[in-house]
Amino acid sequence: MKILVDELKDYVGKEITFSGFVDAIRDKKWVMFVILRDNTGKLQMTIEKSEEKNQELLEIMANTTVESTVKVTGLLQENEAVKLGGMELIPSKIEITSKAEPLPFDFNNLDGVNIDTRMDFRWLDLRNEKNMLVRQIESCFIEAMRDFLYKNRFTEIHTPKLIGAASESGSSVFKVKYFDRDAFLAQSPQFYKQMAMAAGMNRIFEVAPCFRAENSNTNRHATEFTSFDLEFSYIDSYEDVMSLEEDLLIAGLTKVKEEYGERIKEVFGNEVIVPKKPFPRMRLQDLYQELHDRYGFDIPKEDIGDMNAEAEKLTFKLAQEKFDSEFMFVVDYAATKRPFYHMRDENGKLQGYDLIWRGTEITSGAQREHRYDELVKNAKEKGLGKDVEFYLQFFKYGCPPHGGFAIGVDRLTMLLTGLTIKETQFLFRGPNRLEP
Ligand code: ATP
């Protein structure tokens with residue numbers, strides 16, 4: 001594999017081959033400086049014009065455009081005067097591996113560039129240092145959460161995304177042609193995570209796409225997003241689920257802070273705060289009351305028993321003011337507003353929660369109903385019939401009590417950086433965006 005810019009310090013004084021993009025060409029009177037770039041940084045290549053042996057190299061570079069890619073062999077030498085890492089590459093051979101046409105916009109300065117143009121040329125937009133950093137931060141966050149789960153003996157699984165019944169919530173499901181019948185794209189791995197519990201897998205997780213035919217243009221909804229989903233068995237209550245989520249997010253944010261805290265502050269102006277356990281919790285009714293008393297907010301009739309975007313925003317304010325926390329667990333949602341597989345207690349109280357971070361819901365979690373008869377009853381109440389029959393079978397032959405949650409990965413990254421979901425996803429998918 002090629003040497004990365006941030007590994008070059010190990011090669012000073014040596015003959016190396018370095019490949020990368022041509023970031024800039026500075027053609028001076030006596031010397032040509034070529035700045036080379038990869039996803040980890042920049043390197044200066046210096047070509048002295050007075051030297052006879054360099055004439056061929058100068059001609060190659062004179063015919064090269066910025067953003068072309070090159071493969072250079074030469075001596076990496078120390079030079080304190082060079083701002084980029086105190087080193088420079090003195091080439092003896094340059095090969096152009098791909099020549100770039102003039103770019104449709106300057107990705108180094110995205111001010112005023114239309115977001116749709118940026119999306120049309122997303123691979124160029126991603127060359128922007130800030131956008132490159134977003135990818136690295138997200139990868140770091142996921143790595144840390146994965147590591148935490150592996151250490152706690154979770155097994156990573158991969159559930160199907162093509163499913164036979166529009167079972168979870170018929171309204172926002174994508175239908176696709178499947179030979180001579182219809183299939184649907186999975187809105188979440190919920191049923192299959194629970195199948196793994198019925199199989200006795202005990203602790204599982206999955207990081208995978210979810211598809212939702214939501215025809216909304218908010219800055220936090222996409223039609224395809226990545227969900228960090230997990231499920232585990234033999235819990236006593238949804239408190240166990242919340243506790244695990246606290247540990248998981250603390251593990252993720254600790255690593256992100258360690259590795260990218262400074263950069264996130266510098267580039268996005270956001271502080272990475274590692275939360276303390278336990279995160280504050282509030283019952284929905286108490287929350288409504290506080291939002292009313294403090295901010296004069298009343299939840300609209302149609303949202304009673306649930307939250308809406310405004311309530312989530314104010315909840316962040318409240319969490320900071322009252323608990324000095326960026327997080328807030330909200331519990332006691334109305335069972336009518338929640339899926340049939342969330343457990344209710346003997347009084348009908350829902351055994352689930354949402355987690356709000358920086359004013360946006362990032363997670364839904366719950367203890368699940370694992371008792372076949374109760375589940376059948378709940379499904380009937382919601383008017384679900386044939387479509388969930390296959391799922392109900394999972395609970396007939398012994399299934400441990402269990403619970404779990406789903407964290408929206410795009411939302412995590414979005415809230416860490418303060419960007420919109422369009423700018424955050426590797427490649428956004430929305431009602432008007434299926435290309436590239
Ligand atoms: P919202 O109320 O914000 O639409 P939801 O209640 O439909 O979310 P869940 O079905 O509970 O969301 O999904 C679990 C998590 O998946 C959410 O907390 C969120 O982080 C993420 N998520 C859900 N829908 C979307 C979407 N359309 N785009 C991006 N992330 C999403």
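As the structure lists them, so they are numbered: ligands from 1, and atoms in each ligand from 1. Position 1 is the first residue of the sequence, and the numbers go up from there.
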To check your reading of the model: name the closest protein heavy atom to [atom], its residue, and the distance in Å.
atom                    : result
atom 5 (P) of ligand 1  : Glu361 OE2, 3.8 Å
atom 28 (N) of ligand 1 : Ala222 N, 3.0 Å
atom 11 (O) of ligand 1 : Ser364 OG, 2.7 Å
atom 10 (O) of ligand 1 : Arg212 NH1, 2.8 Å
atom 15 (C) of ligand 1 : Ala406 O, 3.8 Å
atom 20 (O) of ligand 1 : Ile362 O, 2.9 Å
atom 27 (N) of ligand 1 : Glu214 OE1, 2.7 Å
atom 1 (P) of ligand 1  : His221 NE2, 3.6 Å

Using a strict 4.0 Å threshold on nitrogen-to-oxygen distance, state whether [X] and [Y] make a salt bridge.
X      : Y      : value
Lys130 : Asp125 : no
Asp23  : Arg37  : yes
Arg344 : Glu381 : yes
Glu374 : Lys377 : yes
Asp324 : Lys276 : no

Check step by step if salt bridge (Lys or Arg N to Asp or Glu O under 4.0 Å) holds for Lys317 and Glu290. CA-CA 11 Å; Lys317 203 167 168 197; Glu290 287 255 14; over 6 Å; no
Cation-pi check, Arg203 onto Phe232 ring (under 6.0 Å, within 45° of axis): no
Is the Lys NZ or Arg CZ of Lys255 less than 6.0 Å from the centre of Phe141's six-membered ring, within 45° of the axis? no
Give a yes/no verdict on whether any heavy atom in [X] is under 4.0 Å from an atom of ligand 1.
X      : answer
Ile421 : yes
Asp410 : no
Met307 : no

May I ask you to list the atoms of ligand 1 that are less than 4.0 angstrom from any heavy atom of [X]?
X      : value
Thr363 : 18 (O)
Arg220 : 28 (N), 29 (C)
Gly408 : 20 (O), 21 (C)

Derivation and outcome, side chain to side chain donor-acceptor pair (under 3.5 Å), residues Thr97 and Lys99: CA-CA 7 Å; Thr97 46; Lys99 191 166 175 181; over 6 Å; no
Would you say the ring centroid of Tyr391 lies under 6.0 angstrom from that of Phe340? yes
Can the ring centroids of Tyr238 and Phe405 be said to lie less than 6.0 angstrom from one another? no
N or O pair under 3.5 Å between Arg411 and ligand 1: yes
Judging by distance only, is a nitrogen or oxygen of Ile407 under 3.5 angstrom from one on ligand 1? no
Identify which of Phe225, Phe228, Phe405 has a heavy atom lying nearest to atom 24 (N) of ligand 1. Phe225
